[in-house]
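Starting from 1, each residue takes its place in the sequence as its number.
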Amino acid sequence: RSAAVVAAAAVARCEEECVWRWNETASVRTLEDEIIGGDKYDSTVRPEVAAFDRLDAPPDEVVVQFYMVSFGLDELTQVLSARGYLRQYWRDERLRHDEPENCSSTQEWILRKNASIWRPDVFGENMRDWSDRETFSSGTWIYPNGSVFDSFYLNADFECEIRIEELPFDDQVCSIRVSSYTHYSHQIAIRAPSLEQPIVFQDAKPHNVWRVDRSSAREFRKEYPPFGSYDIVDLNLHLSRKSRFHVLYSMLPAALLLVMNWTGFFVDRNAAPARVTIALIPLLTLRLLLNSVFARVETVSYDIYLASYLNIAMLLSAACVVQYAVVQALIHREREALRRRQNLDRHRQRKQQQPPLADPEDSKVSSADDDISPERAFADISRDPVAESDLVYLRKIFDRHQVDGKIDPAALSLIMRYHFGVYVDQRCARDTMLSFRFVNRLRVPRNPHLVRLNFPHFRDFVTNYDAYDIGRDESEQHFAAKPASLKVDLLARAFFLPAAVLIFGLHYAIWVGTS
């Protein structure tokens, strides 16, 4: 009697425990031996074929998903390195079983690693390299309704076509292309769980360069003659670049280097070493910045926004070098003109050191000489303080600008600027002419705008200009009267930065319009 009581109590206790029940037998062991053990299950036959007992049975639907742990993107080799778990879902009616009894939570049937069931032989079609799945953790979960969930760790490199036209504001789409190696499309239909989120990356490690925006999927069928067609699913990862690095360390330095070029226009144009240094250093630095950009990406034949930006900066910087070359050429011409006037001044000084002329009347300059004829001027050439060749040159200049045998302040201003390196505007030339007439006790017109010089006075004015100069600085002169080299610098100071901003703005607008 006591033995019967103990047995009944044991059965009652067993019925209250969370156990598997198969063929009216309660057990806590795995169901592998009961369902797939021995010859009960053929792992070479796909589920739909086994269910319909026909080789032309409908295709088995396999749903694939990737749970991403971390990723990397090599722009130079165009490779996406993905680490995570590739998940597969399908249904096999042969694995259907009853739910465990008396369990407080759902109990899945987890297969051993070496358990033999039918699995879709999916693989990454665009993989370059991968680690063997058997080396890492994997698992297969069987649910009572026959649904199978298979997951294995995947550490693989996938080909990813990277288009960097909009670098550093570019977006990229990299795909994990999943297909079956041996099953045609009429045998396996590969699907994504959702076309909007086939890749789960909620716990993925943040990337320093790329930001994960979203994921998507594309399902299509591809023909492989002469074998047939295969179902393919692209698990797409949408990435956007974090542009802060390139903006702070490529674009901003380029802009500052152009500002450095601009400050060079304020350095004395005669200080050649300083000007050349300020012009060349930004140009060379911009070239190094461009090299650093191409060192990180694959060589491409299309335009890249960042490369175009740096190329424009290089062209603007090179324009500063060319600008100073033009300034130097103009300075050389200005020095030649100044040297010409200095030669005339030396002739005058040598003449003053010579003994007086035999006829003192020939050396006088008075009011009566206002109407001296050109013939008489040439007749005195042997006693003139200017050499014969210089006198001929002066005469040609005078004849080119004279009106009725005399020149006005406007003509004198042009002559002094372009032929003798003295940069005076019309007002300063007029005042200097008045000073000349006053010093030499010549008649001064009541209206200062009517002051004129004939050739003898013009000759004396040019050869002895320092005695009549009223001492006005270049900065006080009108822009048109300034040296050509200074004009080029002033124009560069005023228009270089606005032109650079305009060019970069147009470049961005054109780029956006064509993207």
Inset, instruction - Go through the structure and list residues passing salt bridge (Lys or Arg N to Asp or Glu O under 4.0 Å) with Glu298, not counting sequence neighbours. - result: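 Per chain and number, Glu298 pairs via salt bridge (Lys or Arg N to Asp or Glu O under 4.0 Å) with no residue.
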Legend entry - Sequence-distant partners of Asp489, salt bridge (Lys or Arg N to Asp or Glu O under 4.0 Å), two or more places apart: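 Testing Asp489 for salt bridge (Lys or Arg N to Asp or Glu O under 4.0 Å), a comparison that skips the adjacent residues, returns Arg275.
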Legend entry - Phe158: ring-ring contact (aromatic ring centres under 6.0 Å, His included) partners, not counting sequence neighbours: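 Partners of Phe158 under the ring-ring contact (aromatic ring centres under 6.0 Å, His included) test: none.
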Legend entry - ring-ring contact (aromatic ring centres under 6.0 Å, His included) involving His238 - partner list, sequence neighbours excluded: none
Minimum heavy-atom separation for [X] and [Y], please, with both atom names.
{"X": "Val63", "Y": "Pro193", "value": "CG1-N, 3.4 Å"}
{"X": "Gln65", "Y": "Gln197", "value": "NE2-O, 3.9 Å"}
{"X": "Thr277", "Y": "Pro282", "value": "O-CD, 4.2 Å"}
{"X": "Thr285", "Y": "Ile281", "value": "OG1-O, 2.8 Å"}
{"X": "Ala313", "Y": "Ala254", "value": "CB-CB, 4.3 Å"}

State, yes or no, whether a side-chain contact exists between [X] and [Y] at a heavy-atom distance under 4.5 Å.
{"X": "Leu506", "Y": "Ile503", "result": "no"}
{"X": "Ile232", "Y": "Ile190", "result": "no"}
{"X": "Phe398", "Y": "Ile415", "result": "no"}
{"X": "Met260", "Y": "Trp262", "result": "no"}
{"X": "Pro409", "Y": "Arg452", "result": "yes"}

For the rings on [X] and [Y], is their centre-to-centre separation under 6.0 Å?
{"X": "Tyr508", "Y": "Phe504", "result": "no"}
{"X": "Phe496", "Y": "Phe265", "result": "yes"}
{"X": "Trp511", "Y": "Tyr305", "result": "yes"}

Legend entry - Interatomic distance, Phe455 atom CZ to Arg395 atom CZ [nearest 0.5 angstrom]: 5.0 Å
Legend entry - Leu80 side, atom CG; Trp210 side, atom CH2 - distance, nearest 0.5 Å: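 Those atoms lie 11.0 Å apart.
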Any sub-3.5 Å donor-acceptor pair from [X]'s side-chain atoms to [Y]'s backbone N or O?
{"X": "Gln172", "Y": "Arg163", "answer": "yes"}
{"X": "Asn440", "Y": "Phe436", "answer": "yes"}
{"X": "Asn126", "Y": "Ser175", "answer": "yes"}

Inset, instruction - Check the pair Tyr85, Phe66 against ring-ring contact (aromatic ring centres under 6.0 Å, His included), reporting the backbone distance first and the verdict last. - result: CA-CA 6 Å; Tyr85 297 90; Phe66 188 71; 8.4 Å; no
Legend entry - With sequence neighbours excluded, residues passing disulfide bond (SG atoms under 2.5 Å apart) with Cys160: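 For Cys160, the residues satisfying disulfide bond (SG atoms under 2.5 Å apart) (neighbours in sequence not counted) are Cys174.
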Legend entry - Verdict with reasoning, His507 to Tyr309, per ring-ring contact (aromatic ring centres under 6.0 Å, His included): CA-CA 8 Å; His507 172 248; Tyr309 178 93; 7.2 Å; no
Is a salt bridge present between [X] and [Y], judged by a nitrogen-to-oxygen distance below 4.0 Å?
{"X": "Glu336", "Y": "Arg333", "value": "no"}
{"X": "Asp157", "Y": "Arg128", "value": "no"}
{"X": "Arg430", "Y": "Asp408", "value": "no"}

Inset, instruction - Would you mind telling me which of His332, Arg269, Gln328 makes a side chain to side chain donor-acceptor pair (under 3.5 Å) with Ser485? - result: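 Single pass found, and it is Arg269.
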Legend entry - Inter- and intrachain pairs under salt bridge (Lys or Arg N to Asp or Glu O under 4.0 Å), touching residues 238-261, at least two apart: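 Non-adjacent pairs meeting salt bridge (Lys or Arg N to Asp or Glu O under 4.0 Å): Glu75-Arg241, Asp170-Arg241.
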